[in-house]
Amino acid sequence: MPVDRQAVIKVENVSKEYAFGKQTLLALKDIDLTVFRGEFLALAGPSGSGKSTLLNLIGCIDTPSSGSISIDGDKIADKTPNQLADLRASKIGFVFQTFNLLPVLTAFENVEYPLLRFRVNRARRRERVNRYLRLVGVDKFAKQRPNQLSGGQRQRVAIARALITGPRIILADEPTANLDHRTGDSILKLMKQLNTETDTTFVFSTHDPRVMEMAGRIIKLHDGGIIHSDEKAA
Ligand SMILES: Nc1ncnc2c1ncn2[C@@H]1O[C@H](COP(=O)(O)OP(=O)(O)OP(=O)(O)O)[C@@H](O)[C@H]1O
Ligand SMILES: [Mg+2]
């Protein structure tokens with residue numbers, strides 16, 4: 001852990017309620033969490049404990065019922081929908097558990113997609129997309145659509161798509177859950193390498209003890225609350 005710890009994500013007193021029918025379910029209760037620049041942080045906990053909910057709130061995909069979340073010192077709640085979309089696009093890369101690649105686009109086009117909202121000319125876009133496809137080891141499959149790729153290849157494309165804009169924060173919801181051990185290991189090593197080389201902050205959820213083993217810090221959730229925060233020696 002660096003000495004000058006710069007907070008990139010601040011979750012303060014956050015709760016999230018889901019209403020279904022006449023009942024409400026408290027998916028997160030009074031969560032306080034600060035994530036520092038360059039961390040490689042795992043969210044652990046049983047199914048239903050609130051891991052995805054917390055990642056979705058940090059990723060501005062959903063909004064808290066109460067409490068506040070800041071990214072780089074900016075409070076999410078103060079933003080207009082357009083400002084929020086800009087903040088997401090420029091600062092956060094999200095790797096979904098089910099990859100969420102656009103099925104009609106090729107691997108190349110999926111990775112290129114987040115760049116289209118920025119003013120990057122075609123030649124530079126092309127160069128950049130190819131560089132990231134190479135980085136995650138799927139450059140050979142650039143022209144293939146998601147249904148012509150294996151799970152591990154799709155996951156790599158999803159990671160390249162999350163990285164392409166150079167976000168400071170990558171959020172990944174069970175990035176290895178759908179992969180065999182070997183592919184999972186190589187995805188994890190890739191994430192760790194990017195974390196070390198580019199100082200990108202990673203927050204990911206996992207059930208997998210091998211994945212937790214690689215984390216710099218583990219936050220354990222249970223029934224929507226943090227029960228344990230385990231920081232390893234650097
Ligand atoms: N859209 C929703 N509407 C109602 N309840 C929801 C919704 N999304 C999640 N929940 C509930 O919130 C709780 C937390 O769910 P969440 O998806 O965050 O768990 P998780 O820790 O990611 O679980 P898993 O390990 O199975 O992915 C669960 O009880 C779940 O049923
Ligand atoms: Mg989940």
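Note that the numbering runs from 1 along the sequence shown for the chain. Counting starts at 1 for both ligands and their atoms, in listed order.
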Practice task
Determine whether the side chains of Thr200 and Asn195 contain a donor N or O and an acceptor N or O closer than 3.5 Å.
Solution key: no
Problem - Under 2.8 Å: N/O/S of Ser52 next to the Mg ion (ligand 2) - result: yes
Problem - Nearest heavy atoms of Val211 and Thr176, plus distance in Å - result: CG2-OG1, 3.5 Å
Handout entry: Min side-chain heavy-atom separation His207-Lys51 under 4.5 Å
Key = yes
Handout entry: From Ile31 atom CD1 to Glu12 atom CD, the distance as rounded to the nearest 0.5 Å
Key = 13.0 Å
Practice task
Identify the two heavy atoms, one from Leu55 and one from Phe94, that lie closest to each other, and give their separation to 0.1 Å.
Solution key: O-CE1, 3.5 Å
Fill in the blank from the handout: Lining ligand 1 at under 4.0 Å, by non-hydrogen atom distance, are residues Tyr18, Leu25, Ala27, Pro46, Ser47, Gly48, Ser49, Gly50, Lys51, Ser52, Thr53, Glu174, His207
Handout entry: Pair Arg117-Thr165, side-chain donor/acceptor within less than 3.5 Å
Key = no
